[in-house]
Amino acid sequence: MEDYTFTDLSKTREELLSGSVSATSLTNLYLKRAAEGDRFNAFLEVFHDSALTAAKRLDDKIASGQPVGKLAGAIVGIKDNMCYQGHKVSAASKILEGFESVFTATAIQRLIDEDAIILGRLNCDEFAMGSSNENSAFGPVKNPINEDLVPGGSSGGSAAAVAADLCMVSLGSDTGGSIRQPAAFCGLVGVKPTYGRISRCGLIAFASSFDQIGPFTKSVHDAELVYQVMAGRDAMDATSSSKSVHESPSTKEKFTFAYYDEVMNSPGLHPRTKELFIQKLDALRAAGHEVISTSFPYLDHLVPCYYVLTTAEASSNLGRYDGVHYGRRSEASEDIPTTYFNSRTEGFGAEVKRRIMLGTFVLSSGYYDAYYSKGQKVRRLIKNATDEILKKADFIISPTTPHPAFKMGEKANDPIALYLEDIFTVQANLSGNPAITIPMGTTDDGLPLGVQLFGRSFDEATLFRAASLI
Amino acid sequence: MEVNDKTIDKLSDLSRLIFDGEERDNIKRDLDKMLVFVDKLNSLDTDGVDPLVYMTEETLQLRKDEVGKELSPSEALKNGPSHDSDYFKVPKVLDK
Amino acid sequence: MQWGVHTIKSNGADKQIGLTRIHMEEDSGKSIHDISPFETLIDLNRAGVPLLEIVSEPEMRSADEAYSYLTEVRKLLRYLEICDGNMEEGSMRCDANISVMKKGAAEFGTRVEVKNLNSIRNVKRAIEFEILRHIELNETGGEVKKSTLTFNATTGETAIMRTKEEADDYRYFPEPDLQPLIVSKAYIEEVRKTLPPLPQELFHRYVHELGLSEYDAGVLTDDKYVALYFEELLKNVKSAKTAANWMMGEVKGYINEMAIEIQAFPLSPAKLAEIINMVVDGKMGQTLASQQLFPLLAKDPTSSAMKIAEQHALVQVGDEDELRSWVEEAVAKFPDKVEEYRNGKKGILGLFMGEVMRNSKGKADPNKTNELIRQVLEN
């Protein structure tokens with residue numbers, strides 16, 4: 001069992017059904033791996049008992065010949081911002097110290113209903129705010145490929161855990177690139193579905209009009225499987241879409257891919273990233289696909305627009321952490337105001353505070369129109385421009401990140417440098433479109449780089465098909 | 001837009017956050033940088049553009065006014081740092 | 001149907017108060033300061049309960065108008081079963097904005113807001129207090145400060161909660177988790193069909209079509225269930241006025257005496273109509289119906305008015321032979337009074353009438369009896 005090699009979820013399910021492995025032995029194996037992988041600081045907690053209970057239940061099902069779910073045997077890690085009833089969740093923040101979920105996120109419940117086993121919760125940037133996983137109250141996560149490097153963020157633990165084989169697949173949340181950037185840094189497949197595709201019920205809110213849950217996997221096929229299980233309308237999330245999840249993908253053999261001139265000429269683009277990206281475009285042309293270049297005039301406005309709107313939403317969403325209703329209360333609470341001020345001041349980390357302050361500013365009277373409304377208008381321009389491009393092309397293609405994973409501490413003191421990490425990923429969150437990152441090669445030092453495709457809204461089926469073609 | 005002490009006072013008050021000493025200098029500097037950064041949006045002409053508010057086409061559906069699966073009071077209260085069986089509790093300054 | 005106004009009574013005349021808007025909110029919970037000496041309790045047990053905020057145009061000109069407005073609004077809330085309108089229990093609350101204007105001035109002075117008033121009477125008292133305070137400040141060269149006030153019902157005075165130096169900065173923005181709710185015309189029509197008759201419509205109809213007094217119409221429409229009972233009664237009786245008299249008299253009397261609501265009144269409108277129709281049709285005198293049949297039927301509401309009347313021999317006697325024997329008996333008893341009558345003292349007829357009623361135990365048809373007595377005496 002020790003040398004069990006995970007390849008993909010359907011193979012694991014077959015092994016389980018054929019009796020060559022049991023869910024309990026798989027769970028024990030991954031509990032052991034998670035413990036051994038402690039140095040990456042990916043798991044904040046393993047759910048030892050409930051994972052083994054779920055495994056036992058699955059083994060009993062198989063033994064008694066009952067049908068099993070699509071994710072039977074899948075050992076899943078979840079980002080520490082998703083609620084799982086009876087288990088702790090903290091958004092990697094001190095302010096949620098001791099908090100235990102009183103219900104289960106819809107996305108997680110759907111995995112459980114298909115017999116997935118939830119192994120534990122994974123480290124991330126505090127309230128999913130960050131691009132390096134250095135903002136966790138529980139310390140940074142290390143990139144398993146090179147432990148001096150960041151795994152990316154904010155879902156750094158989710159990426160590191162899959163990359164280091166501490167679980168088979170994991171869930172993350174993506175507000176501006178928080179799945180795709182760490183997936184690229186760790187050599188994985190990462191998906192941000194269309195906004196509204198997967199219920200956010202039970203996801204601790206950062207920016208409600210941007211957040212989406214998605215999977216980290218080692219293959220496009222697994223990503224699609226996990227996505228399909230989670231996707232679809234949920235009455236508990238009014239923004240979740242009632243559009244059918246089971247549309248057939250486009251049967252086109254040859255697709256049109258658009259890339260931005262501005263990306264090619266971007267000064268921040270790592271030479272190796274550019275080289276691999278050009279190779280990828282050439283390979284697409286060689287395979288008979290059409291590759292067109294297009295201009296995207298808003299590249300420089302993406303990240304500013306993203307910061308105005310997400311910080312505004314965050315300042316409101318994080319208003320609920322007041323030291324009264326849940327989580328941590330400051331010792332220095334003497335009355336209602338000191339409870340609020342001291343609990344929040346002690347409970348939130350520096351980056352979260354920065355964003356609350358910016359969000360408060362852009363919504364405050366006198367600045368609302370100039371910043372918040374302006375941001376919403378720019379968001380419409382960006383969405384319209386994106387829709388226009390996706391009329392001419394099936395997909396927009398770009399490197400997922402401008403460069404490979406960087407050293408811990410390298411950008412810690414410069415919030416703006418860190419914000420620009422998201423330059424290629426935020427567009428999909430601003431416009432709502434689905435996007436996927438898949439590995440595109442490595443640097444000479446063996447650091448992975450990703451290529452990102454983003455497609456038409458609610459047409460994930462074609463996006464997955466194209467991702468597996470290229 | 002220059003970030004001065006008055007701005008920080010107002011925003012930290014609205015945010016229910018305290019910034020003292022070095023942290024105050026840091027937030028002033030960072031907020032200043034962030035505002036310069038987001039000021040880039042002003043280079044775009046957005047006259048006549050409607051703000052984008054809703055990200056999906058879904059509309060709210062009315063349903064019957066029925067009691068559904070809800071949190072029990074004990075579940076709702078259990079994560080509070082201080083509570084009894086009915087209420088959350090917050091310390092109160094005694095009248096001096 | 002009018003949109004966006006409430007009609008109130010002001011000095012006996014109708015006055016329209018415009019509606020600025022109605023919006024929905026949720027109850028956000030409340031703090032309780034007076035249970036524990038060391039802690040403030042946060043009560044979220046009602047959190048999320050929907051509430052409506054009704055904002056009126058600044059068109060009320062006196063505390064009495066505000067009183068009348070709130071009374072009308074509350075009546076409407078109760079008719080529509082939005083809530084019981086109980087202000088003491090917090091089902092309805094009022095924040096009153098008050099300002100005064102000097103004679104001849106073009107604009108109102110600075111406005112203050114009195115929060116969380118918990119009875120219509122206290123709204124009136126708070127407004128009266130504030131009006132006087134503002135006038136006094138104006139006349140003594142003082143200044144009304146823009147402020148939020150509370151009202152102390154014991155002292156009848158207001159106190160400052162906070163002054164509004166700066167405008168509140170709520171940072172409202174559209175909630176991304178809430179998608180738009182589209183209210184279709186069809187849905188509005190569907191709701192409209194389920195609306196009960198509304199108090200002001202009923203009042204108008206009672207006064208102008210049924211010819212009831214404004215006082216009676218007011219009493220009958222004050223409570224939705226009284227009005228609904230009366231509406232049902234009207235479908236079954238031949239005289240609206242008699243029906244109204246019974247509502248105002250016997251029915252009100254009964255429910256007051258028993259300390260019950262109209263919903264617990266034992267007689268259905270149809271049953272009550274049986275009694276009233278017996279009176280209207282001349283089958284029974286009002287007094288007999290009111291004092292004997294009504295209480296008997298109320299005790300035995302599954303029976304019928306006619307059956308009880310027969311069981312207790314209450315049915316009015318209209319048979320001429322029977323009536324004549326009673327009349328002759330009465331005439332024979334007072335020969336001297338007969339003489340007085342014939343000498344012109346016509347008023348004495350009542351004496352014979354009383355005697356017949358006594359002998360007939362109230363069952364004699366009064367109209368016919370009257371006629372017979374007259375015949376007998378004058379022949």
Side-chain angles (χ1 to χ4, degrees), chain B residues 1 3-17 31 34-35 38 41 46 49-96, chain C residues 23-52 80-84 90-91 159 162 164-194:
Chain B
M1 171 69 215
V3 179
N4 54 32
D5 281 309
K6 215 179 140 214
T7 321
I8 298 295
D9 285 343
K10 184 188 162 195
L11 295 180
S12 58
D13 191 49
L14 290 171
S15 302
R16 306 288 188 269
L17 291 170
L31 202 56
M34 288 159 91
L35 286 176
V38 300
L41 295 183
T46 52
V49 179
D50 278 339
L52 182 56
V53 177
Y54 301 108
M55 294 308 294
T56 65
E57 292 160 11
E58 298 301 313
T59 54
L60 287 182
Q61 302 301 309
L62 295 175
R63 61 166 171 79
K64 285 224 156 59
D65 185 12
E66 286 168 345
V67 177
K69 181 194 144 214
E70 290 175 87
L71 294 180
S72 65
S74 67
E75 282 175 310
L77 289 160
K78 81 167 191 176
N79 282 303
S82 173
H83 61 88
D84 61 19
S85 59
D86 297 304
Y87 308 116
F88 294 97
K89 297 199 225 170
V90 194
K92 175 161 65 179
V93 171
L94 297 174
D95 287 336
K96 284 158 198 156
Chain C
H23 60 255
M24 273 181 82
E25 295 180 2
E26 285 185 358
D27 194 315
S28 57
K30 62 178 181 203
S31 308
I32 306 172
H33 301 286
D34 54 3
I35 291 184
S36 160
F38 307 112
E39 280 149 331
T40 295
L41 305 180
I42 311 286
D43 181 0
L44 297 187
N45 291 300
R46 283 179 60 85
V49 173
L51 59 90
L52 291 178
L80 296 173
E81 290 177 52
I82 291 168
C83 70
D84 64 13
S91 317
R162 57 175 185 268
K164 293 181 176 175
E165 296 291 337
E166 272 180 77
D168 287 322
D169 200 339
Y170 291 113
R171 287 154 289 135
Y172 290 135
F173 69 100
E175 164 59 75
D177 278 337
L178 284 179
Q179 298 293 111
L181 175 69
I182 296 166
V183 183
S184 68
K185 285 218 166 81
Y187 177 75
I188 293 171
E189 278 314 308
E190 203 180 300
V191 171
R192 196 198 304 283
K193 278 185 204 140
T194 67

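Atom set for the values below is all heavy atoms of this structure, side chains included, hydrogens, waters and symmetry mates excluded. The chains referred to below are lettered A, B, ... by the order of the sequence lines, with proteins before strands, and numbering in each begins at 1.
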- Query: Considering only heavy atoms, which portion of C/Ser36 lies under 4.5 Å from any heavy atom of chain B: side chain, backbone, both, or neither?
  - Reply: backbone
- Task: Nearest 0.5 Å please: distance from the NZ atom of B/Lys92 over to the CG atom of C/Leu41.
- Result: 7.5 Å
- Task: Please look at B/Val53 and chain C and tell me whether the side chain, the backbone, both or neither of the residue comes under 4.5 angstrom of a heavy atom of that chain.
- Result: side chain
- Heavy-atom proximity to chain B below 4.5 Å, by part of C/Asn45: side chain
- Message: Does atom NZ (C/Lys30) have a neighbourhood of more than 12 heavy atoms from anything else shown, all under 6.0 Å?
- Response: no
- Message: Atom CD of residue position B/Glu75 - does it have more than 12 heavy atoms of other residues, nucleotides or ligands inside 6.0 Å?
- Response: yes
- Note on the structure: Listed by number, the residues in residues 79-88 of chain B that come under 4.5 Å of chain C (heavy atom to heavy atom) are B/Ser82, B/Asp86, B/Tyr87, B/Phe88
- Toward chain B: residues of residues 173-182 of chain C with heavy atoms under 4.5 Å: C/Pro174, C/Leu178, C/Gln179, C/Pro180, C/Leu181, C/Ile182
